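Working notes, structure below.
Remember, predicted model here, so these are calculated numbers, not experimental data.
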Amino acid sequence: SEDGSPVRTAIMWCDARAASEASMTTATKDQALCVGNGAVSAEFFIPKALWIKRNEFDSTWRWASRVCECQDWLNYKLSGVWVVNSCNIATRW
């Protein structure tokens, strides 16, 4: 929601339900994937976000003003500013 309230419970980092979305992302061979080993894990943010969009569109995705990782939400709650962790951007997005 606009005020930063969660619209669903968090998906844990080790949740692997987004395996097909991870494979789909890896298959793009986007240049951004060259930063790591070129493979995207189901544990990464992008596959999880895609999974929510594909599987929970009406109940979650369309109601979310932002999709973020836990540490980004905690930073927002502590500071009132939406930022992302630069380490995550450099290594996993």
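Two different hydrophobic clusters hold Trp13 and Val84 under the rule that ILVMFWY side chains link at heavy-atom gaps under 4.5 Å. At a threshold of 4.5 Å between side-chain heavy atoms, the hydrophobic network of Ile, Leu, Val, Met, Phe, Trp and Tyr places Val83 and Tyr76 in two separate groups.
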Report the C-alpha distance between Trp73 and Trp82 in whole Å, list the side-chain angles of each, state the deciding distance to 0.1 Å, and finish with yes or no for side-chain contact (heavy atoms from CB on, under 4.5 Å).
CA-CA 8 Å; Trp73 181 80; Trp82 284 106; 4.0 Å; yes
Residues Lys48, Glu43; criterion side-chain contact (heavy atoms from CB on, under 4.5 Å); working and verdict
CA-CA 7 Å; Lys48 286 187 170 104; Glu43 298 168 349; 4.2 Å; yes
Checking side-chain contact (heavy atoms from CB on, under 4.5 Å) for the pair Ile52/Ile11: CA distance, chi angles, key distance, verdict?
CA-CA 10 Å; Ile52 292 170; Ile11 297 177; 3.8 Å; yes
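Qualifying side-chain hydrogen bond (donor to acceptor under 3.5 Å, both in side chains) partners for Ser23, counting only residues two or more places apart in sequence or in other chains: none. Remark: Asn55 pairs with no residue by the side-chain hydrogen bond (donor to acceptor under 3.5 Å, both in side chains) rule, at least two apart or across chains.
One distance of note links CG of Leu33 with OG1 of Thr25; it measures 7.5 Å at 0.5 Å rounding. A distance of 9.0 Å separates CE of Met24 from OG1 of Thr28, quoted to the nearest 0.5 Å. How far CZ of Arg17 is from CH2 of Trp51: 4.5 Å, rounded to the nearest 0.5 Å.
Ala18 approaches Ala42 most closely through the heavy-atom pair C-CB, 3.7 Å. Contact record, Asp30 with Ala32: OD1-N, 2.8 Å, taken as the closest heavy-atom pair. Closest non-hydrogen pair, Ser41 versus Ala22, comes out as C-CB, 3.7 Å. Heavy-atom minimum distance, Lys77 versus Asp3: NZ-O, 4.4 Å. Of all non-hydrogen atoms in Trp63 and Asp58, the two that sit nearest each other are NE1-O, 2.9 Å.
Although no hydrogens or angles enter the test, the distance criterion places no donor-acceptor pair under 3.5 Å between the side chain of Thr26 and the main chain of Ala39.
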